[in-house]
Amino acid sequence: MAKTLPRNAELADQLDLLADISEILAEESFKVIAYRRAAARIRETPSPVAELALAGRATDLPGIGKTIEQKVVEIVNDGEMHALTRRRERVPVGVVDFLRLPGVGPKTAARIWTELGVTTLDGLKIAAEDGRLRDLSGLGQKSEEKILKALDAGAGEQVEPRRLLGVGLPAVRRAVEELQAHPAAIAVSEAGSVRRRRETVRDLDLIATSSDAPVLIAAFCEGSWVRDVAARGPTKATVVGHDELRFDLRVVPPECYGNVLQHFSGSKDHNIALREDAQRRGLSISEYGVTVVETGEVVTHATEEELYDYLGYAFIPPELRENDGELAAARKGILPKFVELSDLRGEMHCHSTWSSDGKNSIEEMALESKRRGYTYLCLTDHSHYLRDGRMEAQWVEIDAVNTRVKPFRVLRGVEVNIRADGSLDVDEDVLAELDWVVASVHTAFERSPTERILGAIDNPHVDCIGHLTGRRILKRTGAEVDIELIVERAAEQGTALEINSQPDRLDMRDTHARLAGEAGVLIPITTDAHSITALGYGELGIGLARRAWLTKEKVLNTRSWAQIAKIRK
DNA sequence: GCCGTTTTCGGCCCGACTGTTTTCAGTCG
């Protein structure tokens, strides 16, 4: 590649900005929707869209047509999107910031700008303090106060932070359990992005049916985890926990539980596509039921299964509901059965006290894995702690532990470091003696990561690549790797690519894992545990794997060690 | 601007809430 191509995130940001500015300029609303959809699609596409656009293949992506493909090509060739440049000349940059304020949308932002001549957040603050905002028709004292309060709180500069799934999921589980135990509760379920197992979440959604909604709402608002009640009505409440997590509960009649649960599980894109499709067939979907437009009849569904069936789809697991092919597959009835936590039979990447950051002994890790129903564990302590004869000493301990935990088995492994120059920090003849070798990049993420990983994939002794990009969710983005090249090579060489279940890693990410699965790469779901409690992270990796459409067959450690030993390279 | 069980034109998800209004526009999820 001669020049650096813009990343998908940059392309998506520009299209989102184009959408915002176009909306402020009151342009055709469906154009704005199209820009946003294209941006979302590009952001979620695993391969570089700039490259696809240059090859004329970006239009293969749903939501991207000739015009937007051309806009991407412009960014590559001219360094700018002309439609965006033209509009930026018309709208002061600061006006776009107004959109992040509560209650301020494109119409209001435009009027603050054109009628008051205010073009910055600072200017807006002064205008609000002077009581000039309330002069605009449609805005009153309350709107002014709300905007001022948000500006004082520093809003407009940052949005509500996202939290890790690993934080949100246990919290929502506890809430569901506590509510479910209440006598007034009939059914309680998690919903929203937690239920879809997105890697990060904002609000935690709960849906319930009840014999006495107000009583259940009261119990929810008085829960042990509640710090503040942000809103409370007869059927709906929002509370904030001591850990700053926000919970939304909706209590609904049992007969439309399926409709409401489906609605509030999202994703937004999935629901929009579902509704568009239904509309073509004369059906109108809302959270209260499905209306047959011609007759006005409203059909409700007690379960999601009944709802999807009524609409002509096989049940779609929540993790797949991202409008990425699941609707077409469910309509054709060709959605396979996806991997589940109970399918896992062993741990393939974890650490003991032999790594300085490990918290538990080999035996403790083995016993906990055994307790979880596993039959083997690949011990993969960090290579640099196993120098100078320590690896041989570790083998002695592994052998001793194995005599005590059998038929459970601890395998000899290592997590070998891929150095900045691409070499591995363990000798080849040592690697050759091990049962399982994970190779990972831990440093210098920006120095030719793709080439270094390809080198490791090609090494005959490397069984698996650990945490592919090295990202730390909400902290660092990780190495920018050529996923298509890596997946292709891994499939050729029979090198596995792991799904690392650490809450802040979840690496490979969903879109990458889906590509790998489709290419036939074997994918172990590992915890990279440094303690016995971390061995429980597997459910996060399972959620990710399901989002990546992985079946049991595509996940390596759904097999016994005997089976793996046969197919490992 | 995209897209097709309405296929190259004419559509494009749905409802609640808020604050502002006398019937609704705009925002939000």
Side-chain angles (χ1 to χ4, degrees), chain A residues 15-16 18-20 22-24 26-42 58-72 81 83-84 98-112 133-147 150 159-160 191-193 196 201-205 207 230-231 233-236 238 246 248 250 252 256 259-260 262-291 293 298 311-313 323 327-328 331-332:
Chain A
L15 279 168
D16 275 331
L18 178 62
D20 286 346
S22 300
E23 204 170 25
I24 289 168
E27 295 189 28
E28 178 63 49
S29 65
F30 295 111
K31 266 196 197 180
V32 172
I33 292 169
Y35 294 146
R36 295 227 167 90
R37 266 189 200 180
R41 176 62 60 192
I42 289 172
T59 52
D60 293 349
L61 299 169
I64 301 196
K66 270 281 153 217
T67 312
I68 288 180
E69 177 172 88
Q70 191 50 43
K71 287 179 170 19
V72 172
M81 192 194 302
L84 178 58
F98 297 172
L99 298 178
R100 292 204 297 267
L101 294 165
V104 180
K107 301 276 165 40
T108 309
R111 299 195 24 239
I112 292 170
L133 284 188
R134 69 183 76 172
D135 294 344
L136 294 175
S137 76
L139 257 64
Q141 195 175 336
K142 276 200 170 175
S143 308
E144 194 174 74
E145 282 167 7
K146 205 160 77 174
I147 289 170
V159 287
E160 171 114 357
S193 50
R196 301 199 313 279
V201 297
R202 195 160 287 152
D203 302 325
L204 304 173
D205 293 309
I207 304 293
T235 63
K236 172 182 180 315
T238 301
R246 292 173 67 88
D248 280 324
R250 282 166 199 261
V252 300
C256 63
N259 305 86
V260 178
Q262 196 284 328
H263 176 83
F264 286 104
S265 291
S267 66
K268 193 176 169 199
D269 287 342
H270 173 89
N271 285 353
I272 288 175
L274 186 75
R275 287 168 180 187
E276 281 176 353
D277 192 37
Q279 203 195 33
R280 282 181 216 117
R281 289 175 286 128
L283 300 172
S284 172
I285 304 174
S286 83
E287 62 259 54
Y288 301 111
V290 181
T291 307
V293 176
V298 179
L311 294 171
Y313 300 89
N323 190 27
L327 286 164
R331 183 161 280 287
K332 289 188 205 137

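Excluded from the calculations below are hydrogen atoms, water molecules and symmetry mates; all remaining heavy atoms, backbone and side chain alike, are included. Proteins get letters first, then strands, A, B, ... in listed order; numbering begins at 1 in each.
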Rounded distance in Å between the P positions of B:dG19 and B:dC9: 47 Å
Whole-Å distance separating the CD1 atom of A:Ile33 from the P atom of B:dC3: 14 Å
Of the listed nucleotides B:dG1, B:dC13, B:dT18, the one nearest the side chain of A:Lys71: B:dG1
Closest approach of A:Ile112 to A:Phe98 (non-hydrogen atoms, all atoms of both residues): CG2-CE1, 3.7 Å
Gap between atoms NZ and C1', on A:Lys31 and B:dC3 respectively (whole Å): 17 Å
Heavy-atom side-chain proximity of A:Ile272 to A:Lys268 below 4.5 angstrom: yes
Spacing of A:Leu136 atom CG relative to B:dT21 atom C1', expressed in whole Å: 16 Å
Touch class at under 4.0 angstrom, heavy-atom based, for A:Val104 against every strand present: sugar-phosphate
Residue whose closest nucleotide on DNA chain B lies nearer the 5' end, A:Gly138 versus A:Glu276: A:Glu276
side-chain contact (heavy atoms from CB on, under 4.5 Å) between A:Tyr313 and A:Asp277, worked out: CA-CA 11 Å; A:Tyr313 300 89; A:Asp277 192 37; 2.4 Å; yes
A:Lys142 vs A:Glu145, salt bridge (charged side-chain N to carboxylate O under 4.0 Å, His left out): CA-CA, chis, key distance, verdict: CA-CA 5 Å; A:Lys142 276 200 170 175; A:Glu145 282 167 7; over 6 Å; no
Sugar-phosphate, base or nothing in reach of A:Ile285, heavy atoms under 4.0 Å: sugar-phosphate
Distance between P atoms of B:dT7 and B:dC12 (Å, rounded): 15 Å
Same-atom distance (P) from B:dG29 to B:dT23, integer angstrom: 29 Å
Atom-to-atom span, CG of A:Asp277 to P of B:dT5 - whole angstrom: 8 Å
Sugar-phosphate, base or nothing in reach of A:Lys142, heavy atoms under 4.0 Å: sugar-phosphate
Sugar-phosphate only, base, or nothing, as touched by A:Ile64 at under 4.0 Å among non-hydrogen atoms: sugar-phosphate
Give me the distances for all protein-to-nucleotides 7-10 of chain B N/O pairs that come in under 3.5 Å?
none

Pairwise 5' ranking along DNA chain B for A:Lys236 and A:Arg281, keeping only the more 5' one: A:Arg281
Nearest-angstrom distance, C1' atom, B:dT8 to B:dC2: 12 Å
Aromatic ring of A:Phe30 stacked on base six-ring of B:dC2, 5.5 Å, 30°: no
Atom-to-atom span, CG of A:Leu61 to C1' of B:dC2 - whole angstrom: 13 Å
Selection from B:dC13, B:dG1, B:dG15 that lies nearest to any side-chain heavy atom of A:Tyr288: B:dG15
Distance test, side-chain N/O of A:Ser143 to OP1/OP2 of B:dT18, below 4.0 Å: no
Sugar-phosphate, base or nothing in reach of A:Gln141, heavy atoms under 4.0 Å: sugar-phosphate
Whole-Å gap separating C1' (B:dG29) and CG (A:Asp248): 10 Å
Distance-minimising heavy-atom pair for A:Leu101 and A:Ala150: CD2-CB, 4.1 Å
Minimum heavy-atom distance A:Ala278-A:Ile285, with the two atoms named: CB-CD1, 3.6 Å
Between CG on residue A:Asp248 and CG on residue A:Asp205, distance to nearest 0.5 Å: 5.5 Å
Touch class at under 4.0 angstrom, heavy-atom based, for A:Ile272 against every strand present: base
Listed nucleotide nearest any side-chain atom of A:Ser286, set B:dG1, B:dC14, B:dG26: B:dC14
Sugar-phosphate, base or nothing in reach of A:Ser29, heavy atoms under 4.0 Å: nothing
Any strand: nucleotide that pairs with B:dT8 via Watson-Crick or wobble, under 3.5 Å: none
Proximity to the side chain of A:Ile68 - top-ranked nucleotide from B:dC2, B:dA16, B:dC13: B:dC2
Nearest-neighbour nucleotide for the A:Thr67 side chain, B:dT27, B:dG15, B:dG1 considered: B:dG1
Spacing of the C1' atoms in B:dA16 and B:dG11 (rounded, Å): 26 Å
Euclidean distance for P, B:dG15 against B:dT20 (whole angstrom): 26 Å
Whole-Å distance separating the CZ atom of A:Arg36 from the P atom of B:dC12: 19 Å
Under 3.5 Å donor-acceptor, A:Arg281 side chain and A:Leu311 backbone: yes
A:Gln279 CD - B:dC12 C1' separation (whole Å): 8 Å
Distance, C1' atom - from B:dT21 to B:dT27, rounded to whole angstrom: 16 Å
Of the listed nucleotides B:dG1, B:dC13, B:dC14, the one nearest the side chain of A:Ser284: B:dC14
Side chains of A:Arg41 and A:Pro62 in contact at under 4.5 Å (non-hydrogen atoms): yes
Given B:dT27, B:dT6, B:dC13, the nucleotide with the shortest approach to the side chain of A:Pro106: B:dT27
Separation between the C1' atoms of B:dG1 and B:dT5, rounded to whole Å: 23 Å
A:Arg196 (side chain) donor-acceptor with A:Ser265 (main chain) under 3.5 angstrom: yes
